[in-house]
> 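Below you'll find the structure I mean.
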Amino acid sequence: MKRFQGRVAVITGGASGFGKEFARQGAALGMKLVLADVQQDALDETVAGLRAQGVPAIGLRADVSRVEDVQAVANAAIEAFGEVNLVFNNAGVGAGGLVWENSQKDWDWVLGVNLHGVIHGVRIFTPLMLEAAARDPDYEGHIVNTASMAGMVNAPTMGIYNVSKHAVVALTESLYQDLSLVTEQVHCSLLCPYFVPTGIHQSHRNRPSALSNDAPPTRSQLAAQAMSDKAVTSGKVSAAEVAKMTFDAIRADSFYVYSHPHALGPVQQRFEAILAQRNPGDPFAGKPELREQLIATLRG
Ligand SMILES: NC(=O)c1ccc[n+]([C@@H]2O[C@H](COP(=O)([O-])OP(=O)(O)OC[C@H]3O[C@@H](n4cnc5c(N)ncnc54)[C@H](O)[C@@H]3O)[C@@H](O)[C@H]2O)c1
């Protein structure tokens with residue numbers, strides 16, 4: 001996509017972290033914005049801040065795991081602004097711990113938001129964009145799905161999140177292939193951040209009560225939460241920098257967007273192991289103390 005001015009962006013998870021930065025930077029480029037988020041107070045505050053600066057923006061409380069909510073976002077975007085050019089399927093949540101200890105509710109919550117949220121976005125917005133492209137030769141559309149480096153490697157005590165993000169990688173590479181068969185006007189990118197300070201390590205703040213666990217967290221789940229708190233809050237690349245990289249990638253029609261391109265060693269090692277039929281290595285092998293701490297916690 002080359003032109004942003006006057007065009008319409010839909011951002012899920014738009015009230016915090018990357019989503020909020022996509023909104024700020026989209027606004028600076030002259031875009032009209034549709035923000036969807038499950039956290040009403042943060043959403044209201046974000047939308048009010050944008051409108052106070054004269055940005056045409058609407059906010060919808062939507063749970064992306066519910067197809068009818070994502071459809072309502074699309075309907076509202078069309079009603080307010082007539083078309084959709086840029087979609088960020090970005091809302092996401094995290095849960096950790098030894099993979100066999102995650103409850104059915106953990107799986108339903110994380111896959112519901114991280115995977116089904118993106119599926120709903122792709123299924124609902126892509127046809128709208130293709131119809132707009134068929135009507136108007138100047139139309140440009142772009143879909144950005146937020147996966148993670150956890151979609152490229154499989155670190156321990158992150159299994160449930162890894163599964164959801166690998167699926168987003170598969171979905172988005174498939175989307176790329178399929179779009180290339182039918183259009184030159186609608187493109188897509190895959191955002192794979194490493195640890196970046198946002199609210200992701202506190203995503204349980206928006207966990208629906210119907211999907212809350214009855215049992216207290218296990219030792220591995222507490223250890224995973226502590227690791228996530230530390231890794232996310234000490235991240236050195238900001239959400240604003242990641243949003244800028246993402247807009248640059250949209251402009252250049254680049255598919256893979258990495259927040260930490262210098263940290264791709266574990267991805268290379270994973271694929272080398274696959275090709276050589278070696279057993280999987282530890283993606284955090286560069287920080288052996290992490291593994292030692294985990295072993296001590298889990299066996300101690
Ligand atoms: N920050 C990181 O280190 C990191 C790394 C890799 C991937 N990611 C991914 O980035 C994306 C954005 O997360 P973030 O880091 O900005 O975290 P964040 O918590 O700051 O923002 C996520 C937003 O999604 C919203 N949300 C949660 N559940 C929702 C639902 N069911 N429906 C609609 N909105 C919902 C939250 O309310 C929040 O506003 C997620 O997909 C996350 O998995 C983050």
Side-chain angles (χ1 to χ4, degrees), residues 10-25 34-47 59-73 88-96 108-121 144-153 155 158 160-169 171-172 189-211 227-243 245-246 257-260 263 283:
V10 173
I11 306 167
T12 72
S16 177
F18 296 131
K20 196 168 177 171
E21 287 300 333
F22 295 144
R24 284 200 185 120
Q25 294 185 27
V34 179
L35 271 53
D37 204 288
V38 81
Q39 189 177 341
Q40 186 79 62
D41 57 347
L43 179 65
D44 290 346
E45 199 185 314
T46 306
V47 173
L60 279 102
R61 191 193 176 280
D63 176 348
V64 295
S65 69
R66 293 164 47 92
V67 67
E68 55 274 37
D69 285 18
V70 180
Q71 185 65 59
V73 173
F88 293 92
N89 290 308
N90 166 75
V93 294
D108 288 347
W109 179 48
V110 176
L111 292 188
V113 181
N114 293 10
L115 175 56
H116 287 277
V118 181
I119 292 172
H120 298 326
V144 178
N145 292 340
T146 305
S148 169
M149 285 305 287
M152 297 280 171
V153 295
M158 291 180 59
I160 192 164
Y161 189 73
N162 296 337
V163 169
S164 72
K165 295 300 189 179
H166 275 257
V168 173
V169 172
L171 171 59
T172 314
S189 297
L190 176 73
L191 171 59
C192 294
Y194 200 52
F195 296 110
V196 175
T198 65
I200 192 70
H201 62 116
Q202 298 294 327
S203 46
H204 46 268
R205 70 192 184 281
N206 291 320
R207 185 166 176 156
S209 51
L211 293 179
M227 276 175 56
S228 157
D229 287 344
K230 191 166 174 205
V232 169
T233 55
S234 59
K236 299 283 181 284
V237 176
S238 71
E241 288 170 284
V242 177
M245 292 171 200
T246 309
V257 189
Y258 299 115
S259 65
H260 295 63

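Position 1 is the first residue of the sequence, and the numbers go up from there. Note: hydrogens, waters and symmetry copies are ignored here, and every other heavy atom, side chains too, is used. It should be emphasised that the depicted structure is a prediction, and the values quoted were computed from it without experimental measurement. Just so you know, ligand 1 is whichever comes first in the structure, and atom 1 is the first atom listed for that ligand.
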> For the backbone of Val242 and the side chain of Ser259, can you confirm whether one donor and one acceptor N or O come within less than 3.5 Å of each other?
no

> Is it the case that ligand 1 has an N or O less than 3.5 angstrom from some N or O of Asn206?
yes

> For atom 34 (N) of ligand 1, state which one of Val38, Val113, Leu60 supplies the nearest heavy atom.
Val38

> Which ligand 1 atoms, with their elements, are less than 4.0 angstrom from a heavy-atom of Gln39?
37 (O)

> Using modelled atom types and a 3.5 Å cut-off, is there a donor and acceptor pairing between side-chain atoms of Gln202 and backbone atoms of Gly199?
no

> Can you tell me the protein heavy atom closest to atom 24 (O) of ligand 1 and the distance?
Gly13 CA, 3.4 Å

> Suppose we measure from atom 22 (C) of ligand 1 to each protein heavy atom; which comes out shortest, and what is that distance?
Gly92 O, 4.1 Å

> Measure the distance from atom 39 (O) of ligand 1 to every protein heavy atom, then report the residue, atom name and distance (to 0.1 Å) of the closest one.
Asp37 OD2, 2.6 Å

> Assign the ring pair His260 / Tyr194 to parallel, tilted or perpendicular, where the plane angle (0 to 90°) is split at 30° and 60°.
perpendicular

> Given Phe88, Trp109, Tyr161, Phe22, identify the one with the heavy atom nearest to atom 8 (N) of ligand 1.
Tyr161

> Hey, are the side chains of Arg205 and Gln39 touching, using non-hydrogen atoms and a 4.5 Å cut-off?
yes

> Restricting to side chain to side chain donor-acceptor pair (under 3.5 Å), what partner residues turn up for Asp63, sequence neighbours left out?
Ser65

> Write out the residue and atom name of the closest protein heavy atom to atom 18 (P) of ligand 1, then the distance separating them to 0.1 Å.
Ser16 OG, 3.6 Å

> What residue and heavy atom of the protein are closest to atom 28 (N) of ligand 1, and at what distance?
Val93 CG1, 3.7 Å

> Find all atoms of ligand 1 within a distance of less than 4.0 Å from any non-hydrogen atom belonging to Lys165, and give their numbers and elements.
40 (C), 41 (O), 42 (C), 43 (O)

> Which of the atoms in ligand 1, numbered in the order shown and given with their element, are less than 4.0 Å from a heavy-atom of Phe195?
3 (O)

> Name the closest protein heavy atom to atom 33 (C) of ligand 1, giving the residue it belongs to and the distance to 0.1 Å.
Ala62 O, 3.1 Å

> If hydrogens are left out, which of Leu211, Thr198, Asp41, Ile11 has an atom nearest to atom 17 (O) of ligand 1, that is, the closest non-hydrogen atom?
Thr198

> Any atoms of ligand 1 less than 4.0 Å from a non-hydrogen atom of Gly17? List them with their elements.
16 (O), 20 (O)

> Tell me the protein heavy atom at minimum distance from atom 11 (C) of ligand 1, and give that distance in Å.
Asn90 O, 3.1 Å

> Report yes if the side chains of Val73 and Thr12 come closer than 4.5 Å at any heavy-atom pair, otherwise no.
no

> Do me a favour and list the nearest non-hydrogen protein atom to atom 5 (C) of ligand 1 with residue, atom name and distance?
Tyr194 O, 3.1 Å

> Which of the atoms in ligand 1, numbered in the order shown and given with their element, are less than 4.0 Å from a heavy-atom of Thr146?
9 (C), 10 (O), 11 (C), 41 (O)

